[in-house]
Number of protein chains: 2
Amino acid sequence: MIIVIGSATAKPGHEDAVRDLSLMHVQRSREEPGCIAHNVSVDSENAARFVFVEYWADMPALKAHFALAASQGFVRDLRPLLAENPDMKIFKAAPLKP
Amino acid sequence: MIIVIGSATAKPGHEDAVRDLSLMHVQRSREEPGCIAHNVSVDSENAARFVFVEYWADMPALKAHFALAASQGFVRDLRPLLAENPDMKIFKAAPLKP
């Protein structure tokens, strides 16, 4: 399983635009093959920072997601609204019992 | 490396109390040995749902975290404020190159 944890910080005044773009992106992504979960949330310590938590079945599914015109359009539309470069961490992950 | 992804949904009217308890918990947890990161955010599709993203060096560090009176106090204080049982997923994770 693949976990992606990303974050993007909006420029002042662009929080709503970043949220709306991000919601469209995560909701669209959930329909893609191999997407187990895809959510965006707002950092409780920084209302401009958006946190993405994604679960993918495998790397091919994630790579197909990255290659989609819609995904690339999201990144292109998002970038000018951000105060800094977005962060993305990708992990190969195996569930453990709590 | 260990990733913990949790979520807790507040009862209506208890969102602020859940946020305040959660912020104290994540900020305290960051000081613990083996805690790489510990953050809470609010689901952009459900303002009552709090998402916890935690990175721990290894399982012993996470188990020590769970065993702390402060951690157990957080769970005890949080539970009556929640609309349903909290969810917690734990993963053994290896970083991959984007």
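Note that the structure is predicted; figures quoted are calculated from it, not measured. So that the names make sense, note that chain A is the first sequence line, chain B the second, and so on, each numbered from 1.
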Under 4.5 Å between side-chain heavy atoms, hopping through other hydrophobics if needed: is there a path connecting [X] to [Y]?
X	Y	result
B:Phe50	B:Val75	yes
A:Phe74	A:Met24	yes
B:Ile3	B:Ile36	yes
A:Met59	A:Phe91	no
A:Leu82	A:Leu23	yes

Would a 4.5 Å heavy-atom cut-off, applied to side chains only, mark [X] and [Y] as touching?
X	Y	value
B:Val42	A:Ser41	no
B:Val53	A:Val53	yes
B:Asp43	A:Val40	no
B:Leu96	A:Lys89	no
B:Asn39	A:Val51	no

Just how far is it from atom CD1 of A:Ile90 to atom NZ of B:Lys97, taken to the nearest 0.5 Å? 10.5 Å
Relative to chain B, which segment of [X] carries a heavy atom at a distance below 4.5 Å: side chain, backbone, both, or neither?
X	result
A:Val26	side chain
A:Leu62	neither
A:Phe52	neither

Most chain A-contacting option - heavy-atom pairs closer than 4.5 Å, from B:Ser22, B:Pro95, B:Ala94: B:Ala94
Please say whether more than 12 non-hydrogen atoms of neighbouring residues, nucleotides or ligands are located less than 6.0 Å from NZ in B:Lys11. yes
